[in-house]
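All remarks here apply to the structure that follows.
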There are 2 protein chains.
Amino acid sequence: MSRDDLAQGTETATETTDADRFTNARAIRSTALFEDYTELIADLTEEFGEARITDIARRLGVTHPTANKAVLRLKREGLAISRPYRGVFLTEAGAAMAREVKARHRLVVRLLIAVGVPPDAAEMDAEGIEHYVSETTLKAFEAYLEGRG
Amino acid sequence: MSRDDLAQGTETATETTDADRFTNARAIRSTALFEDYTELIADLTEEFGEARITDIARRLGVTHPTANKAVLRLKREGLAISRPYRGVFLTEAGAAMAREVKARHRLVVRLLIAVGVPPDAAEMDAEGIEHYVSETTLKAFEAYLEGRG
DNA sequence: ACAGAAATGTAGCCGATGCTATATTTAAAA
DNA sequence: TTTTAAATATAGCATCGGCTACATTTCTGT
Ligand SMILES: [Mn+2]
Ligand SMILES: [Mn+2]
Ligand SMILES: [Mn+2]
Ligand SMILES: [Mn+2]
């Protein structure tokens with residue numbers, strides 16, 4: 001079941017209920033944090049060769065125990081690895097998530113700017129919006145941006 | 001401090017840090033649930049004259065104890081009122097939130113459709129996106145839609 | 001080499017948001 | 001009017017994602 005299918009529920013056919021929409025949004029909310037962490041760890045790794053807990057925490061605007069606990073969850077889910085007192089690294093699954101999220105992030109920002117949103121606001125809003133944009137919508141954004149290249 | 005200012009932090013001037021973006025997104029995440037509840041209670045009240053816990057729960061796709069607990073929080077925050085075993089009603093503050101969220105919801109759906117997103121996907125994605133669209137972005141959406149009336 | 005500083009880890013607290021199981025109350029049927 | 005069904009409330013459990021306070025480890029400067 002793909003990310004986009006989460007909302008379809010068990011209906012026999014075409015109808016999408018209100019509950020489906022809310023259930024979809026709840027499912028996404030529970031993965032949004034992981035998406036931000038993997039994207040950030042990928043960025044830090046590219047910049048510094050590794051992602052330190054302190055840097056992760058500072059960039060996210062949380063305390064280091066919060067970042068540490070989140071990294072434990074990432075490791076438990078197979079998205080990252082790390083040894084005590086050392087940097088954090090993404091697994092292949094984590095790196096795949098990071099790539100996917102980063103692509104979504106950039107496309108959302110480009111779309112927002114294309115329809116006239118000021119770049120600062122676009123960057124700000126995209127940080128939340130990016131998690132809720134389905135594959136279908138992403139494709140539409142691409143097509144739209146294409147058609148004004 | 002308005003909803004849109006939450007992320008600006010305490011910087012003296014223009015620079016927006018990564019942490020500001022994430023902090024903004026976290027602040028919004030913590031109000032998104034209330035926004036969905038007030039919007040839904042307003043809908044149900046319009047449809048049936050009152051919002052029953054059972055109906056709220058069914059439309060959200062959660063169990064009724066979950067809805068009940070959320071309504072307790074809404075009441076505590078001054079967004080709703082209710083008497084035991086009776087329907088839930090919005091306060092003026094709750095109704096104001098509902099109006100604001102509903103307007104945002106509709107505008108996001110319209111914008112998505114305008115750039116080519118299929119209506120079903122637009123409705124689905126808007127349920128999450130709506131909460132993260134700032135006033136600035138909303139204004140830009142309005143201007144964009146205006147300019148193709 | 002060692003002392004102090006910085007980074008990391010852990011314990012424990014809290015509120016939010018989900019659930020199931022069980023009362024209690026209200027509404028509907030008999 | 002009594003019985004039954006439906007709705008609502010409450011209790012209690014779990015996880016997540018924040019925090020502060022404190023312990024441990026690693027790094028750095030002398
Ligand atoms: Mn994000
Ligand atoms: Mn992002
Ligand atoms: Mn919503
Ligand atoms: Mn909505």
Side-chain angles (χ1 to χ4, degrees), chain A residues 6-7 9 19-38 40-41 44 48-77 79-89 127-128 131, chain B residues 6-7 9 19-38 40-41 44 48-77 79-89 127-128 131:
Chain A
L6 281 175
D20 287 332
R21 292 208 320 274
F22 290 115
T23 299
N24 176 248
R26 276 196 304 278
I28 290 175
R29 198 179 55 201
S30 81
T31 67
L33 197 94
F34 282 171
E35 294 190 340
D36 284 336
Y37 269 86
T38 54
L40 175 54
I41 291 170
L44 290 170
F48 303 122
E50 63 180 344
R52 309 298 308 221
I53 287 287
T54 298
D55 297 328
I56 295 171
R58 182 179 43 248
R59 288 238 193 153
L60 287 177
V62 297
T63 60
H64 68 85
T66 295
N68 195 275
K69 210 181 279 191
V71 167
L72 290 181
R73 290 196 294 274
L74 284 177
K75 291 168 74 171
R76 196 188 59 196
E77 298 300 320
L79 296 167
I81 52 172
S82 75
R83 297 197 342 270
Y85 295 94
R86 298 296 164 179
V88 180
F89 299 91
E127 198 55 73
H131 307 287
Chain B
L6 280 174
D20 288 331
R21 291 209 320 275
F22 290 116
T23 298
N24 176 247
R26 277 196 304 277
I28 291 175
R29 199 180 51 200
S30 81
T31 67
L33 197 94
F34 282 171
E35 295 190 339
D36 283 337
Y37 270 86
T38 53
L40 176 54
I41 291 170
L44 289 170
F48 303 121
E50 64 180 343
R52 308 299 308 219
I53 287 288
T54 299
D55 297 328
I56 295 171
R58 181 181 42 247
R59 287 237 193 153
L60 287 176
V62 298
T63 60
H64 65 84
T66 294
N68 195 276
K69 211 181 279 191
V71 167
L72 289 181
R73 290 195 296 273
L74 285 177
K75 291 168 75 172
R76 196 187 59 198
E77 298 299 320
L79 296 167
I81 52 171
S82 74
R83 300 199 338 272
Y85 295 95
R86 298 295 164 181
V88 180
F89 299 91
E127 199 54 72
H131 307 287

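Below, chain A is the first sequence line, B the second, and so on; all start at residue 1.
- Residues passing the side-chain hydrogen bond (donor to acceptor under 3.5 Å, both in side chains) test with A:Arg86: none are found, sequence neighbours excluded.
- Rounded to a whole Å, the OH atom of A:Tyr85 is 10 Å from the P atom of C:dT8.
- As a whole-Å value, the separation of B:Asn68 CG from D:dT8 P is 9 Å.
- Per the geometry, CG belonging to B:Asp36 stands 15 Å off C1' belonging to C:dG18, to the nearest Å.
- Side-chain atoms of B:Arg59 never come within 3.5 Å of backbone atoms of B:Leu44 as a donor-acceptor pair (strictly under, hydrogens ignored).
- Atom pair B:Phe22:CZ and D:dG17:P shows a separation of 14 Å (rounding to whole Å applied).
- Taking every heavy atom of residues 54-67 of chain A and every atom of DNA chain C, pairs under 4.0 Å involve A:Thr54, A:His64, A:Pro65, by number.
- For the pair B:Lys69 NZ and D:dG12 P, the interatomic distance rounds to 11 Å; values are reported in whole Å.
- Between the P atom of C:dT17 and the CD1 atom of A:Ile28 lies a distance of 17 Å, rounded to the nearest Å.
- Nearest-nucleotide assignment on DNA chain D puts the 5′-proximal partner with A:Leu33, out of A:Arg86 and A:Leu33.
- A:Arg83 has its CZ atom 11 Å from the P atom of C:dG9, to the nearest Å.
- Contact annotation for B:Arg73: base contact, defined as any heavy-atom pair under 4.0 Å involving a base atom.
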Step-by-step side chain to side chain contact (heavy atoms under 4.5 Å, CB included) determination, A:Asn24 to A:Arg21: CA-CA 5 Å; A:Asn24 176 248; A:Arg21 292 208 320 274; 5.7 Å; no
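- Contact detail for B:Val88 and B:Ser82: the closest heavy-atom pair is CA-CB, 4.0 Å.
- Judged by distance alone, the side chain of A:Arg52 and the main-chain N or O of A:Tyr85 form a donor-acceptor pair under 3.5 Å.
- Looking at heavy atoms from C-beta onward, B:Leu60 lies in side-chain contact with B:Tyr37 at the 4.5 angstrom threshold.
- For C:dT17, neither phosphate oxygen OP1 nor OP2 lies less than 4.0 angstrom from any side-chain nitrogen or oxygen of A:Arg26.
- Within the 4.5 Å cutoff, the side chain of B:Asp36 has heavy atoms near those of the B:His131 side chain.
- Position along DNA chain C of the nearest nucleotide to B:Ala70 versus B:Arg52 favours B:Ala70 as the more 5'-ward residue.
- Straight-line distance from the CZ atom of A:Arg29 to the P atom of D:dT15: 17 Å, rounded to whole Å.
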